[in-house]
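Worth saying up front: this structure is predicted, and the values here are computed from it rather than measured. Along the sequence shown, residues carry numbers from 1.
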Amino acid sequence: MIDERYLLLMQQEIDRANSQQEQEDLKRYLAQNDEARKMFEDLQAVGTRLSRMPLVDPPDDLRSRILHSIHPVSSSLFDRTVTALKNLLPLGVTRKPVFVYGFAAFVVIAAVLVAVQLSSDNKINRSHVLGTMAQGEISGPLHADQLLEVRTEDVTGSIQIEHRQNQTIAELTLQSKGTCELTVEFDPQVLQFESFHPLNGESASIKSLSGQLSIAQTGTNTFRLYFNQDGTPRFPLTFRFYAAGNMINEQSERLP
């Protein structure tokens with residue numbers, strides 16, 4: 001375990017911002033702590049490499065290209081990344097935090113690479129996906145093949161479904177008094193869940209399993225579900241609404 005004070009002194013030493021007393025304190029601490037000494041040596045090596053790198057101006061579309069190339073990430077990975085970045089924030093208070101920003105960028109890039117690998121390993125079970133955008137942009141207004149109406153005491157709204165050549169899209173506009181749970185069942189041999197697009201609203205989250213989506217929504221929300229399609233579905237999309245654990249409504253599309 002490394003004392004937080006000496007983590008700060010390490011960064012300040014790399015930035016040449018330590019006082020003589022702080023330098024002596026750090027030197028004594030490193031002599032007594034092998035873990036801290038190894039970290040300090042690693043940080044010095046990274047700082048040296050960063051200082052030798054030329055400055056470049058990133059292209060204007062870099063951010064959108066990165067975001068559109070990443071598949072949905074599990075919340076546990078996201079939480080671990082945020083925690084790591086929060087642990088770095090206290091280090092960025094010195095006059096020259098170049099190293100801190102570089103190290104933080106390294107953490108973010110590493111997290112993105114892990115996320116892409118996880119997504120490629122498991123394309124069906126995307127558990128705890130929260131408001132994740134798919135690759136590309138929202139594909140314009142729907143030209144719905146079917147419109148399903150939901151009218152109960154606990155939840156009201158509509159479900160629009162459009163079938164395209166290689167894609168099925170369901171747009172849901174729902175209003176619930178409290179938290180309403182919704183399951184969407186589909187033919188996993190033909191339809192593969194691709195993405196969840198929250199268009200606007202208060203609160204909605206989604207969990208994906210093979211052949212079923214579980215959605216929790218509160219208040220008024222509009223969102224789209226995108227499915228990749230390989231062939232003609234043998235079973236309809238079925239929407240079941242639950243309140244307080246009891247099913248209150250069921251809607252199924254009409255297959256051609």
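- There is no side-chain donor-acceptor pair under 3.5 Å between Q23 and D25.
- For the atom pair CD (Q251) and CD (Q146), the distance works out to 11.0 Å, reported to the nearest 0.5 Å.
- Panel note: side chain E253, backbone T238; no donor-acceptor pair is recorded below 3.5 Å.
- Using modelled atom types, no side-chain atom of E171 and backbone atom of R224 make a donor-acceptor pair closer than 3.5 Å.
- The aromatic rings of F196 and F223 stand perpendicular to each other, their planes meeting at an angle above 60°, with 30° marking the opposite boundary.
- Here D42 pairs with K38 in a salt bridge; the nearest charged N to carboxylate O distance falls below 4.0 Å.
- For the 3.5 Å distance criterion, the side chains of T173 and S158 fail to qualify, holding no donor opposite an acceptor.
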For the pair R164 and E162, evaluate salt bridge (charged side-chain N to carboxylate O under 4.0 Å, His left out) and give the outcome as yes or no after the intermediate values. CA-CA 6 Å; R164 300 179 180 177; E162 178 182 354; 3.1 Å; yes
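- Inspection of the H143 and Q160 side chains reveals no N or O donor paired with an N or O acceptor under 3.5 Å.
- If you check the side chains of Y242 and R240, you find no donor sitting under 3.5 Å from an acceptor.
- With hydrogens and angles left out, the side-chain atoms of Q229 and N166 include no donor and acceptor closer than 3.5 Å.
- In this structure, E149 places its CD atom where more than 12 heavy-atom neighbours from other residues, nucleotides or ligands lie under 6.0 Å away.
- For the 3.5 Å distance criterion, the side chains of Q217 and S176 qualify, holding a donor opposite an acceptor.
- For the residue pair Q192 and N228, no side-chain donor N or O sits within less than 3.5 Å of a side-chain acceptor on the partner.
- Clustering ILVMFWY residues whenever any of their side-chain heavy atoms sit less than 4.5 angstrom apart, transitively, puts F193 in a cluster other than the one holding F235.
- Counting heavy atoms of neighbouring residues, nucleotides and ligands inside a 6.0 Å radius, atom CG of D3 exceeds 12 of them.
- Between the side chain of K177 and the backbone N or O of E153, at least one donor-acceptor pair lies under 3.5 Å.
- In the model, S214 has no side-chain atom that pairs as donor or acceptor with a side-chain atom of T183 under 3.5 Å.
- Listed for the E24 side chain is no donor-acceptor partner under 3.5 Å among the backbone atoms of Q21.
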